[in-house]
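For ligands, and for the atoms within them, numbers begin at 1 and follow the listed sequence. Index from 1, following the sequence.
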Amino acid sequence: MAQTKPIRGRFAPSPSGRMHLGNLFAALLAWLDVRSLGGEMLLRMEDLDPDRCKPEYTLQLADDLRWLGLDWDLGWQEGTDEYCQSRRTDFYAEAFRKLEAEGLVYPCYCSRKELLAASAPHASDGARVYSGRCRHLSAQEKAALEQSGRKPAWRITVPEEEIAFVDGNFGPQSEVLRRDCGDFILRRSDGVYAYQLAVTADDGAMGVNRVVRGWDLLSSTPRQIWLMEKLGYEPPAYCHVPLLCSPDGRRLSKRDRDLDMGVLRRQTTPEKLTGFLAYTAGLMDRPEAVKPWELVKGFSWDKVGRADRVVEEVL
Ligand code: GLU
């Protein structure tokens, strides 16, 4: 009998500050998605950026998830750093070499200013599409740039091909990578592997087959699906979730200290906060105290929908 793979979702937070309400909202939905399917949850710390991520945030993050009642079955545990991206550089280097061996990777020497000149804003969201300026540099031109002391970033050549997928919440999506995204960075000029490479290689290697996260990452998904295939993995199913905004229309961010977990934990209980998040998600008619497990049975993406939510007051 063919063995079916377990359903596996993940939390993949960046320990670059205390979690805020919006992070928690996405985490609850990711947890409910996987638990409602009888699957297992993995926790991975995306601490690649050494300037922004700190070990104390990692510990706090895990503690905040546990406080709310969001558990995980595998991945990060206190005292080990196996599931911290900052410790997985050798693995990303291997993935990088695999793509390089296919002739897809090239050094890009563009400065910030040159990048602006060498990219066009994409009509739909204003993100800039790199023209591929450094893709065709000759060996001599590269040598000259190296000699001038410039450290390159490393980009991958994307195809003309259309990448289409059906998002579990946002429906059919598609992107022509060459037109809509352009050659993207796999490794920064300071040597740090880029999010797109690390997240893809990790989701693939860790057997993740359900990715639930904020829709601000929806436009990264075609890149990740394409990279997955290049690295020999089967892409997961993706479900993107609405974002929480403040009344003036800004997305909640780690700068909104008033809605961070430090403040919330002093003001409320896990059950009340879960109730508030479930109500905000459309999973309850009123914000009543509830435990995450009590929401599993009634969970459905139809109730959640796509509209961002404005959060005025939590409690
Ligand atoms: N680490 C990313 C973040 O915290 C999320 C990555 C992902 O879910 O793909 O924004």
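- For atom 5 (C) of ligand 1, the nearest non-hydrogen atom of the protein is Ala12 O, 3.4 Å.
- Every atom of ligand 1 with a heavy atom of Ser14 under 4.0 Å away is listed here by number and element: 1 (N), 2 (C), 3 (C), 4 (O).
- Annotation: cation-pi pair Arg155/Tyr130 present, NZ/CZ under 6.0 Å from the ring centroid and within 45° of its normal.
- In summary, of the residues considered (Asp64, Asp260, Asn23), a side-chain hydrogen bond (donor to acceptor under 3.5 Å, both in side chains) with Arg18 occurs for Asp64 alone.
- Taking the six-membered ring where the residue is Trp, His240 and Tyr238 present parallel rings, their angle staying beneath 30° rather than reaching 60°.
- Salt bridge present: Arg44 and Asp203 bring a charged side-chain N and a carboxylate O closer than 4.0 Å.
- Atoms of ligand 1 found under 4.0 Å from any heavy atom of Leu217, numbered from 1 in the order shown, are 5 (C), 6 (C), 7 (C), 9 (O).
- Listed by number with element, the atoms of ligand 1 under 4.0 angstrom from any heavy atom of Tyr195 are 6 (C), 7 (C), 9 (O).
- Taking the six-membered ring where the residue is Trp, Tyr193 and Phe96 present perpendicular rings, their angle passing 60° and hence far from 30°.
- Counting heavy atoms closer than 4.0 Å to ligand 1, residue Asn23 contributes nothing at all.
- Salt-bridge check for Asp73 with Arg8: failed, with every basic side-chain N at 4.0 Å or more from each acidic carboxylate O.
- Of all atoms in ligand 1, listed by their number and element, those nearer than 4.0 Å to a heavy atom of Arg213 are 7 (C), 8 (O), 9 (O).
- If you number the atoms of ligand 1 from 1 as listed, the ones under 4.0 Å from a heavy atom of Val199 come out as 9 (O).
- No donor-acceptor pair closer than 3.5 Å links the side chain of Arg213 to the backbone N or O of Ala26.
- At least one heavy atom of Arg10 sits closer than 4.0 Å to an atom of ligand 1.
- Atoms of ligand 1 lying under 4.0 Å from any heavy atom of Glu46, numbered from 1 in the order shown and given with element: 1 (N), 2 (C), 5 (C), 6 (C).
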